2 protein chains.
Amino acid sequence: MTIRDETVPTPASPLRLAEVAARAGVSESTVSRVLRNIGPIAETTRAAVLKAAEELGYVPNRLAGALASTGSALVGVVVPSLDNIVFAEVLRGVTEKLEEAGLQAVIGVTGYDLAREERIVSALLAWRPRGIVIAGIDHTPRVRDLLAANGTAVVEMMDIDGSEPALGRRVGLSHGAAGAAMAAHLVARGHRRFGYVGHDISRDIRARKRLDGFAAELARRGGDLVARQMVPGPSSVSAGRAGLAALLAAQPDLDAVYFSNDDMAVGGYFHCEANGIRMPDDLAIAGFNGLDIGQELPRRLTTVRSPRYRIGQLAAEQILTRQDAAGPASPATIDVGFELIAGETA
Amino acid sequence: MTIRDETVPTPASPLRLAEVAARAGVSESTVSRVLRNIGPIAETTRAAVLKAAEELGYVPNRLAGALASTGSALVGVVVPSLDNIVFAEVLRGVTEKLEEAGLQAVIGVTGYDLAREERIVSALLAWRPRGIVIAGIDHTPRVRDLLAANGTAVVEMMDIDGSEPALGRRVGLSHGAAGAAMAAHLVARGHRRFGYVGHDISRDIRARKRLDGFAAELARRGGDLVARQMVPGPSSVSAGRAGLAALLAAQPDLDAVYFSNDDMAVGGYFHCEANGIRMPDDLAIAGFNGLDIGQELPRRLTTVRSPRYRIGQLAAEQILTRQDAAGPASPATIDVGFELIAGETA
DNA sequence: CTGTTAGCGCATTCAA
DNA sequence: TTGAATGCGCTAACAG
């Protein structure tokens, strides 16, 4: 007989509260109270219940628990992509914060597809989650209705600039301002003739907002956005590399190139390195996100850091602190800001 | 009156089946059947129900549904980390496959912490999920008991080599073999004196298995593993860069360095580049994972590609096809294999 | 401090 | 083809 045999034989189906109650010699409600640390319980009773539950390997059925009480310990999280590290970090922030509170994340990945977002939000709502954390503030009317209707706490994250009325609290940064800040920085560095290399910004709305902010600020400061190169599909290092090659083929006389994000910019960096283009003298390169990889390049990438992990944490926190009792409401919008990293490529 | 006002006014609390039934003038059971496409329904009835549900914006309560029937449409997914792109890609594969089948992923991130894994698995089981997808095959006895007991479908992914009895199906690759393959490749390239730069492999068991396989094969082929440098904490580009610097300071006369993964190896690459160390002539560099970034470097990284997205998809598929009816059982273990990428750094 | 009684919203018998 | 009854496993009053 091995040590592992000491554990209880595997039951065919999950145990119920009743079986724990029977073994402990108390009622179901008592077991329920003990397990949830509610109300006054005699120490002996508590010990007996805990012992029985432990010995049987009881795992409570939260489906039933959530149905009987109100709201599940589930939080829906909707992100557009898991292709790069950005939303994985957001997710990490969310799950860590939720875990502290005993909540769990049900995730949905939209692929920047609005129709899919509708299906996903609806499916998430079906679990009657404590809240929904969703990336972005631009949604279809159907998504807006769903989210507004079900009395669920909603947190929109990543983005805070737009004219749409908020569906709930917001945690993020102004992508327009981030683009503008980079434009100001690059002009201050002496650059005048600009190019842009982007991925599919018809789907990635925040990338478009950065470009818009960048272009507007450039115009204001006397810079010229003389060429744009869009690469179909999602952002990637290879897309950035190919994009810059194409851009320079069409427009060789540029001072600086702004990329839709760091993945793209790192690709541009590699293109320069492989082709003897010196940064920033021959060409300045700038991105967005502040990924680690960009800061470990032999020449540190000029970029804007977005506090992704923190956004995830704060978003989860907003669900947790949803006006439990009285007390002042937390602000409707949390601007986490951003940090311009001067780097060495611009 | 704007267009958005055409939609139904937002109800305070979520609707129930009964309210749809009332509006459609049928019973709850009929609505339930229509919504799940079950049994014979008169076309007129179906239309009426669908219309009512649509107009009211009804979202079914899956908690109740799952409780009344058996098993939820939830699948627990346990990953060790979301620090790098690897598990984000696995997650993408899992969620995409699950979405096709109308299932959803509840995620747990262990941080390579076994105690946390226990809590997470238990919490996931509380939702009576259709199945659990978990990274790795090395778990504590408690986790093994939990997973074995509750009659849940289990898929262990990423790793297939170990002597532990399987908890369910397995989808992954042999990390020992991957390490050995790289050792063979590097020796064939003429390298003899080897170094290793790793992160915390006491927690990252698969990284350790690769190192073990690498070292064993090296011994067999006449190579020498003369120095190891471990960097505390998780893998990262900066850790790899610092690790290689430290390794070379202690042991300058190496032919080649094997890194615990691509993030680390890219860091090593940057160290070489910044210090005028030519790859592979002065020093060969090799990693594991086959990340895009490594293949976009000016000199393509020598590495082993792991089919992460595919592993995620297959893992989800294993949950879906869990012996529904008769038919032959799918194999207990799926070896997805790996691909050695010769690259240009070794 | 503890037990008993009612549902939570739905899927599933069984009748009709 | 449809409706009425029963219970999934638990929490929440309410007694005691």
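What you see is a predicted model, and the numbers here were worked out from it, not measured in a lab. Letters A, B, ... mirror the listed sequences (proteins, then strands); counts begin at 1.
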**Test item: A/S32 side-chain N/O and A/E28 main-chain N/O as donor-acceptor pair under 3.5 Å** = no
At a 4.0 Å cut-off to heavy atoms of chain B, the contacted part of DNA chain D spans D/dT1 to D/dG9
Taking every heavy atom of A/P129 against every heavy atom of A/V75, the minimum-distance pair comes out as CB-CA, 4.2 Å
Shortest non-hydrogen pair, B/L320 vs B/A101, comes out as CD2-CB, 3.6 Å
Please determine whether side chain to side chain contact (heavy atoms under 4.5 Å, CB included) holds for the pair B/Q318 and B/M157, giving the CA-CA distance in whole Å, both sets of side-chain angles, and the decisive distance to 0.1 Å. CA-CA 11 Å; B/Q318 295 310 301; B/M157 61 180 175; over 6 Å; no
Note: B/L35 and B/A53 closest approach over all heavy atoms is CD1-CB, 4.5 Å
Axis-to-axis angle across the helix from C/dC1-D/dG16 to C/dA16-D/dT1, five pairs each end, nearest 10 degrees, ~ 30°
Under a 4.0 Å heavy-atom criterion, the protein footprint on nucleotides 8-16 of chain C, written with B, S and -, is BBBSBB---
Evaluate side chain to side chain contact (heavy atoms under 4.5 Å, CB included) for A/R16 paired with A/N61, printing each intermediate quantity in order.
CA-CA 8 Å; A/R16 288 159 303 152; A/N61 184 334; over 6 Å; no
Is the backbone of B/V109 close enough, under 3.5 Å, to the side chain of B/R116 for a donor and an acceptor to pair up by distance?
yes
_Would you say that more than 12 heavy atoms from the other residues, nucleotides or ligands in this model lie under 6.0 Å from the CZ of A/R310, or not?_
no
Minimal heavy-atom distance between B/M158 and B/F87, with the atoms involved, is CG-CE2, 3.9 Å
Heavy atoms of A/L63 and B/S72 approach each other most closely as CD1-CB, 4.2 Å
